[in-house]
J.: 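This is the structure I want to talk about, given as structure tokens.
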Amino acid sequence: RPETAAQDLHLLVDTRCTPRASPLKTDMASIRYVIMPGIRQSSPPLHVSPQPVPKIGKAERTRAAILNAALEFVWSHPFRDMTVNALMASTGLSRSAFYQYFNDLHDLMQTLLDMLQDEIFAVTGSWFKGAGDPVILLNESLAGLVNVCYRQGPILRATNDATATDKQLEMAWTQFLGQFDDAATTRIEADQEQGLIPDFDARPIAIALNRLDAYTLIEAFGQRPRKQPEPVQDALARIWTSTLYGYEWLGKGSSSLVRT
């Protein structure tokens with residue numbers, strides 16, 4: 001079925017903290033945005049936190065509108081074609097409003113990439129930090145990863161495509177991938193110490209698996225029409241499971257292994 005505008009990405013603001021009214025980039029530790037699919041203005045607000053959330057203020061709505069406009073733009077255009085004028089025209093806001101929240105377009109894309117990184121780490125934490133059956137934990141994390149990237153794949157594609165000609169985004173993309181390389185290397189080495197994964201040099205394997213993930217997710221979800229998420233998740237699970245924990249657990253979703 002063709003995808004419609006109702007399936008586009010939208011940002012809801014968690015207003016427990018307020019962004020600074022400054023042209024400098026807001027510290028991502030001070031304000032969080034929850035990315036949710038297909039939320040119309042008439043829909044009741046949805047939040048990750050179960051606590052009541054105060055009414056969203058004008059500043060938060062403005063920032064979210066700019067980020068939404070950027071997400072909508074990169075669904076169908078490369079980053080190099082983005083301009084502040086075009087972006088703000090789509091929001092109905094003034095050009096000067098953009099610079100109250102972002103230094104430039106690179107700052108905007110870095111913000112989107114930081115938000116994506118935070119959400120990916122949040123949904124993959126079970127494998128990185130959890131105890132129990134590592135194959136179950138891995139499958140849970142890959143399901144979360146696929147779900148996030150199904151909704152936010154254009155951020156990956158736009159940043160990756162821009163790296164060939166844009167040094168700032170090339171650095172941002174390298175740092176983005178490097179965070180996951182470090183985390184996966186640490187997790188693999190820890191499982192090796194417990195005898196759950198064979199003894200090999202962990203970092204090259206971590207890099208190879210993460211690059212496989214990145215480019216598979218970009219190809220599947222980076223633009224419309226998106227692929228179905230289930231086959232993508234299954235493919236990644238098969239490769240990660242067989243590489244790390246052994247072919248005997250393929251397709252089972254669980255194992256007799258126990259991580260402490």
Side-chain angles (χ1 to χ4, degrees), residues 3-43 45-48 53-120 122 148-149 151-162 166 168-169 171-173 175-176 221-224:
E3 297 183 52
T4 65
Q7 296 169 297
D8 292 344
L9 303 178
H10 292 272
L11 298 173
L12 295 179
V13 185
D14 182 336
T15 54
R16 286 172 290 182
C17 298
T18 303
R20 295 171 294 181
S22 165
L24 298 178
K25 177 182 174 183
T26 300
D27 183 353
M28 290 308 294
S30 301
I31 182 168
R32 309 286 295 198
Y33 290 83
V34 183
I35 299 182
M36 305 293 291
I39 304 298
R40 292 187 175 91
Q41 291 295 324
S42 60
S43 301
L46 302 177
H47 301 276
V48 169
V53 178
K55 182 179 179 180
I56 296 174
K58 180 180 179 181
E60 291 84 0
R61 291 197 304 270
T62 299
R63 184 180 172 93
I66 297 170
L67 291 166
N68 276 327
L71 283 167
E72 178 60 29
F73 185 91
V74 297
W75 265 115
S76 54
H77 301 87
F79 172 76
R80 65 178 177 271
D81 291 344
M82 185 185 293
T83 66
V84 174
N85 284 340
L87 195 65
M88 298 309 290
S90 70
T91 68
L93 300 167
S94 67
R95 176 187 171 89
S96 61
F98 177 90
Y99 294 102
Q100 294 177 12
Y101 301 95
F102 307 101
N103 295 328
D104 51 30
L105 291 172
H106 292 92
D107 190 23
L108 171 65
M109 286 303 299
Q110 180 70 64
T111 299
L112 289 172
L113 200 60
D114 288 346
M115 292 164 59
L116 177 58
Q117 177 177 291
D118 287 348
E119 190 169 359
I120 290 175
V148 169
C149 292
R151 294 184 283 109
Q152 304 178 39
I155 301 174
L156 293 175
R157 182 185 57 78
T159 308
N160 178 66
D161 288 352
D166 192 302
Q168 287 181 260
L169 286 182
M171 182 178 298
W173 182 242
Q175 292 173 345
F176 174 84
F221 309 135
Q223 58 189 359
R224 301 186 183 100

J.: Might you point out which heavy atoms bring Leu113 and Ala172 nearest each other, and give the distance in Å?
T.: CD2-O, 3.7 Å
J.: Evaluate the criterion side-chain contact (heavy atoms from CB on, under 4.5 Å) for residue pair Ile120 and Cys149; output intermediate values, then yes/no.
T.: CA-CA 8 Å; Ile120 290 175; Cys149 292; 4.2 Å; yes
J.: Holding to side-chain contact (heavy atoms from CB on, under 4.5 Å), I want the full list of residues that pass it with Gln168, two or more places apart in sequence or in another chain.
T.: His106, Asp166
J.: Are His77 and Met82 close enough, and set up right, to give a side-chain contact (heavy atoms from CB on, under 4.5 Å), and what steps lead you there?
T.: CA-CA 8 Å; His77 301 87; Met82 185 185 293; over 6 Å; no
J.: So which pairs with a foot in residues 75-89 pass salt bridge (charged side-chain N to carboxylate O under 4.0 Å, His left out), sequence neighbours left out?
T.: none
J.: Is there side-chain contact between Val74 and Leu112, with at least one heavy-atom pair below 4.5 Å?
T.: no
J.: Measuring from atom CD1 of Ile155 to atom CH2 of Trp75, what distance do you get when rounded to the nearest 0.5 angstrom?
T.: 9.5 Å
J.: Pair Asn68, Glu72 - check side chain to side chain donor-acceptor pair (under 3.5 Å), show working.
T.: CA-CA 6 Å; Asn68 276 327; Glu72 178 60 29; over 6 Å; no
J.: For Leu156, does its backbone N or O pair with a side-chain atom of Thr159 as donor and acceptor, under 3.5 Å?
T.: no
J.: Rounded to the nearest 0.5 Å, how far does OG of Ser76 lie from CD of Gln223?
T.: 9.5 Å
J.: What's the spacing between Arg157 CZ and Gln152 CD if we round to 0.5 Å?
T.: 14.0 Å
J.: For the OG atom of Ser94 and the CG atom of Asn85, what is their distance to the nearest 0.5 Å?
T.: 11.0 Å
J.: Determine whether Leu67 and Phe102 satisfy the following criterion, side-chain contact (heavy atoms from CB on, under 4.5 Å), listing intermediate values before the conclusion.
T.: CA-CA 10 Å; Leu67 291 166; Phe102 307 101; 3.8 Å; yes
J.: Would you find a donor on one side and an acceptor on the other, under 3.5 Å apart, between the side chain of Glu60 and the backbone of Gly57?
T.: yes
J.: Could you pull out the closest heavy-atom pair between Ile66 and Ala97, with the gap in Å?
T.: CD1-O, 4.2 Å
J.: With rounding to the nearest 0.5 Å, note down the distance linking OH in Tyr101 to OG1 in Thr62.
T.: 4.5 Å
J.: Answer whether the closest heavy-atom distance between the side chains of Leu105 and Phe98 falls below 4.5 Å.
T.: yes
J.: Would you say the side chain of Arg151 lies within less than 4.5 Å of the side chain of Leu71, judging by non-hydrogen atoms?
T.: no
J.: When you look at Asn160 and Leu169, which way does the side-chain contact (heavy atoms from CB on, under 4.5 Å) test go after all the steps?
T.: CA-CA 8 Å; Asn160 178 66; Leu169 286 182; over 6 Å; no
J.: About how many Å separate OG1 of Thr83 and CZ of Phe73, when rounded to the nearest 0.5 Å?
T.: 7.0 Å
